[in-house]
Amino acid sequence: MELTLQLKRLGKKKVKEIPFTLNENPKNLKDLLIGCVKHQVDAYNKKRTEVNVVGFLSPAEIQEQAQSGKVDFGEITNTTLANHQHAIDNVLLAFKDGLFVVFVDDDEITDLKTPLELTSESVIAFIRMTFLVGTYW
C-alpha cells in the first residue's frame with residue numbers, strides 16, 4: 001500500500017513529506033505504527049551493513065551537502081543494529097505518553113485501537129510535540 005507520510009514538529013514551518021510503502025493494509029493505528037517502525041528499522045539496519053565504496057565527492061555533491069551545513073563521505077561509524085521489538089515498544093510508549101500525535105486525512109487519531117480506512121490518497125501526519133524545558137525562579 002502506497003501512502004504519504006508528513007513529519008512535522010511544533011514551532012517549525014518545515015514539513016517533510018515521504019512516500020511510504022506498507023506490505024499490508026493496517027487495520028488500526030497500532031498496526032500502522034508497527035508497520036512504519038518495522039520499515040524504518042529495516043532501512044536503518046540495511047544502512048549499517050552496506051559497504052560504502054565511493055571515496056570521493058564531486059563538486060556538485062559538496063555544494064549540495066554544504067547547503068545543509070555538513071559535508072561528509074556518508075560513512076557510518078556506529079554499526080550497531082536496531083532491535084525491532086525494542087523500537088516497537090518505544091513507539092507505542094511514546095504515543096501513549098503524548099510525545100507525538102497522529103492525523104490521518106486531517107482527523108486526529110487518539111486511540112491505538114481506532115480502525116483505519118486508508119487509501120492510496122491517504123495522508124498520514126506525525127507531529128512531534130516539543131515541550132518547554134526550564135523553570136522561572
Side-chain angles (χ1 to χ4, degrees):
M1 163 169 263
E2 293 287 328
L3 301 170
T4 301
L5 297 183
Q6 291 183 340
L7 306 178
K8 302 178 185 182
R9 283 179 35 188
L10 286 181
K12 303 288 182 184
K13 292 182 181 179
K14 187 176 177 182
V15 176
K16 188 173 184 180
E17 288 199 5
I18 300 171
F20 196 79
T21 304
L22 285 175
N23 295 336
E24 56 189 44
N25 195 357
K27 298 177 190 83
N28 53 35
L29 179 60
K30 184 176 180 180
D31 290 345
L32 174 66
L33 292 176
I34 289 172
C36 290
V37 167
K38 284 182 179 179
H39 184 273
Q40 290 303 108
V41 167
D42 288 341
Y44 177 88
N45 288 343
K46 182 179 178 188
K47 224 182 223 187
R48 297 298 180 265
T49 57
E50 287 179 345
V51 177
N52 187 4
V53 293
V54 179
F56 62 91
L57 296 173
S58 69
E61 290 172 324
I62 293 171
Q63 186 68 15
E64 182 181 317
Q65 290 185 20
Q67 295 296 323
S68 68
K70 180 181 179 185
V71 178
D72 68 354
F73 290 104
E75 294 181 21
I76 298 173
T77 56
N78 179 8
T79 57
T80 305
L81 299 179
N83 180 312
H84 280 89
Q85 191 57 48
H86 185 67
I88 290 168
D89 293 342
N90 280 343
V91 77
L92 295 177
L93 180 62
F95 180 78
K96 289 176 186 174
D97 287 346
L99 296 179
F100 67 95
V101 293
V102 180
F103 287 86
V104 176
D105 296 327
D106 297 329
D107 295 323
E108 183 179 5
I109 308 297
T110 57
D111 185 19
L112 289 172
K113 295 179 182 177
T114 302
L116 298 178
E117 301 281 333
L118 299 177
T119 65
S120 59
E121 282 87 34
S122 293
V123 176
I124 301 165
F126 292 99
I127 302 176
R128 188 172 90 185
M129 307 305 281
T130 304
F131 298 99
L132 298 176
V133 178
T135 58
Y136 292 105
W137 292 98

Could you report the tightest heavy-atom contact between A87 and V37, atom names first, then the distance?
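It is CB-CG1, 3.6 Å.
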Residue pair C36 / L5: nearest heavy atoms and the distance that separates them
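That closest heavy-atom pairing would be SG-CD1, 4.4 Å.
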Return the [atom1] to [atom2] distance between [X] and [Y], rounded to the nearest 0.5 Å.
{"X": "I34", "Y": "H84", "atom1": "CD1", "atom2": "NE2", "answer": "11.5 Å"}
{"X": "D97", "Y": "N90", "atom1": "CG", "atom2": "CG", "answer": "10.5 Å"}
{"X": "Q40", "Y": "D42", "atom1": "CD", "atom2": "CG", "answer": "9.5 Å"}

Under the side chain to side chain contact (heavy atoms under 4.5 Å, CB included) criterion, do T49 and L81 qualify, and how do the steps go?
CA-CA 9 Å; T49 57; L81 299 179; 4.0 Å; yes
Which is it for L32 and L3 under the side chain to side chain contact (heavy atoms under 4.5 Å, CB included) test, yes or no, and what are the steps along the way?
CA-CA 11 Å; L32 174 66; L3 301 170; 4.3 Å; yes
List in chain and number order the residues that pass side-chain hydrogen bond (donor to acceptor under 3.5 Å, both in side chains) with Q6, two or more places apart in sequence or in another chain; answer none if no residue qualifies.
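Expected list: E17.
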Does N83 have any side-chain hydrogen bond (donor to acceptor under 3.5 Å, both in side chains) partners at least two apart in sequence or in another chain, and if so, which?
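So N83 forms no side-chain hydrogen bond (donor to acceptor under 3.5 Å, both in side chains) with any residue.
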Selection residues 9-42 - residue pairs positive for ring-ring contact (aromatic ring centres under 6.0 Å, His included), sequence neighbours left out:
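Every pair satisfying ring-ring contact (aromatic ring centres under 6.0 Å, His included) with a residue in residues 9-42: F20-H39.
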Per-pair distances, 0.1 Å, donor-acceptor, side chain in residues 98-117, under 3.5 Å, sequence neighbours excluded:
residue: D105; atom: OD1; partner: V123; partner atom: N; Å: 2.9
residue: D105; atom: OD2; partner: S122; partner atom: OG; Å: 3.4
residue: T114; atom: OG1; partner: D111; partner atom: O; Å: 3.0

If we ignore hydrogens and angles and just use 3.5 Å, is the side chain of N45 paired with the main-chain N or O of A82 as donor and acceptor?
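Yes, the answer is positive, given that a donor and an acceptor are paired below the 3.5 Å cut-off.
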R128 and L7: CA distance, side-chain angles, deciding distance, side chain to side chain contact (heavy atoms under 4.5 Å, CB included) verdict
CA-CA 8 Å; R128 188 172 90 185; L7 306 178; over 6 Å; no
I want to check a possible cation-pi pair here: R48 against Y44, using under 6.0 Å from ring centre and within 45° of the ring axis as the test.
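Judged by the rule, R48 and Y44 form a cation-pi pair.
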Set of salt bridge (Lys or Arg N to Asp or Glu O under 4.0 Å) partners for K13, sequence neighbours left out:
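Expected list: none.
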If a pair satisfies side-chain hydrogen bond (donor to acceptor under 3.5 Å, both in side chains) and one of its residues is in residues 18-35, list it, with sequence neighbours excluded.
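Residue pairs with at least one partner in residues 18-35: E2-T21.
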